[in-house]
Amino acid sequence: MPDEVAFFYIFRSLDKGFSDFYHARMVPAISHISAARFWLSCGQRDVPRHFLDSSSNSKECPLSADCLDAARSTFSIEQDEPLHFLVSGQTEGAVSHSINGELPPQSILGYSAGAKIGIVSPEISFMQMACLLSRIDAIRYGSALCGRFAVPADTGKLPARKPLTNVHDIRKHLKASPRMSGRKQASAVLPYIIENTRSPREIDVALFLSLPIRKEGFGLPRPAINESVRLDKPLRTRNQYGETT
């Protein structure tokens, strides 16, 4: 199996020990580790497009057993994986989480405008995971969200996709979420995120070269990854046969 699939290792030790609860009224939303796994692995066609109501004044939607089954089916979550949710109250079969303050607009996505279950946006997911991961793994996760690849679990392939977010949009969410847990940790690592990479290996190499020496990097200038190079004039050269190209 290619080494890239090992990118999921950052979640292996995080599925235990959660018992927080979110009591506001809102559409139940997959969050934390479950959301992170989905965002890492979803392909271009699987990205939810509709923003759902994330305000505390929206109609309450209890998290039932049927809702849990629908969530697993909709977001391709295995039966043996714990489901992490932002929900109103405790539900058997799900790990419930709390947040500090209200979610900013465009924080929850679904596959239809009237969806009864959603998933936290990549920007909110980054804030949540910044609380749980080491700094370097938080940078790697944020870079993956801003990258041009997906990491389907156990497939050994890296399908191409458009970036789910970018540093600019993450920064806007941080400013709109002054009281949310993870904001401080996310703000601290945001300057080191690498955009437009096409594999976890590219992320690791770019970080190895660009992180400050005190963070075990080489301290080189921040790289521009996979950008187009435009030439004012055609570049002409001769090959080994004397032909001009």
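Everything numeric in this text was worked out from a predicted model, so none of it was measured.
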Test Ile139 against Leu207 for side chain to side chain contact (heavy atoms under 4.5 Å, CB included), laying out the working first.
-> CA-CA 9 Å; Ile139 296 170; Leu207 293 178; 3.6 Å; yes
Backbone N or O of Val167 within a donor-acceptor pair of the Glu195 side chain at under 3.5 Å?
-> yes
Are Val205 and Leu220 grouped together when hydrophobic residues (ILVMFWY) are joined by side-chain heavy atoms under 4.5 angstrom apart?
-> yes
Ser107 side, atom OG; Ile124 side, atom CD1 - distance, nearest 0.5 Å | 4.0 Å
Do the side chain of Ser125 and the main chain of Ser121 share a donor and acceptor less than 3.5 angstrom apart?
-> no
Nearest heavy-atom neighbours spanning Ile225 and Ala206 | CD1-CB, 4.3 Å
Closest non-hydrogen atoms of Ser34 and Pro82, given as atom of the first, atom of the second and distance, are OG-O, 3.1 Å
Sidechain-backbone polar pair: Glu202 side chain, Arg198 backbone, donor-acceptor under 3.5 Å = yes
Rounded to the nearest 0.5 angstrom, the CD1-CG distance for Ile33 and Leu83 is 11.5 Å
Give the minimum heavy-atom separation between Leu133 and Tyr141, together with the two atoms involved.
-> CD1-CB, 4.1 Å
Judged by modelled atom types alone, do Ser143 and Tyr192 share a side-chain donor-acceptor pair under 3.5 Å?
-> no
Show the numbers, then the answer: is there a side chain to side chain contact (heavy atoms under 4.5 Å, CB included) between Leu109 and Leu52?
-> CA-CA 6 Å; Leu109 289 160; Leu52 307 182; over 6 Å; no
Does Tyr111 reach the main-chain N or O of Asp46 with its side chain, forming a donor-acceptor pair under 3.5 Å?
-> yes
Distance in Å, Asn226 CG paired with Ser199 OG, rounded so as to fall on 0.5 Å steps = 8.5 Å
Can you name the nearest heavy-atom pair linking Ile30 to Ile77, along with the distance?
-> CD1-CD1, 3.8 Å
Report yes if the side chains of Phe218 and Leu211 come closer than 4.5 Å at any heavy-atom pair, otherwise no.
-> no
Quick one: does Ser41's side chain have a donor or acceptor within less than 3.5 Å of a partner on Pro152's backbone?
-> no
Nearest heavy-atom contact between Arg72 and Glu81 is NH2-O, 2.8 Å
4.5 Å side-chain heavy-atom contact, Ile213 and Lys215 = no
Do Ile136 and Val189 come close enough that some side-chain heavy atom pair is under 4.5 Å?
-> no
Could you go step by step and tell me if Phe149 and Thr197 meet the side chain to side chain contact (heavy atoms under 4.5 Å, CB included) rule?
-> CA-CA 8 Å; Phe149 65 94; Thr197 57; 3.6 Å; yes
Look up atom OG in Ser31 and atom NE2 in His97, then write down how far apart they are to the nearest 0.5 Å.
-> 5.0 Å
Linked, directly or transitively: Ile203 and Leu209 (ILVMFWY side chains, under 4.5 Å) | no
At what distance, to the nearest 0.5 angstrom, does NE2 of His168 lie from CG of Leu190?
-> 11.5 Å
Once you round to the nearest 0.5 Å, how far does CD1 of Ile170 lie from CG of Leu164?
-> 10.0 Å
Salt-bridge test for Arg140 and Asp137: reply yes if a basic N is under 4.0 Å from a carboxylate O, no otherwise.
-> yes
Which atom names give the shortest non-hydrogen contact between Leu145 and Pro122, and what distance separates them?
-> CD1-O, 3.4 Å
Heavy atoms, side chains only, cut-off 4.5 Å: are Thr165 and Phe126 in contact?
-> no
Could you tell me whether the side chain of Arg161 and the main chain of Arg148 form a donor-acceptor pair under 3.5 Å?
-> no
Is a donor on one side and an acceptor on the other found under 3.5 Å between the side chain of Ser187 and the backbone of Arg183?
-> yes
I would like to know whether Lys184 and Leu174 meet side chain to side chain contact (heavy atoms under 4.5 Å, CB included); could you show each step before the answer?
-> CA-CA 9 Å; Lys184 181 179 179 180; Leu174 291 175; over 6 Å; no
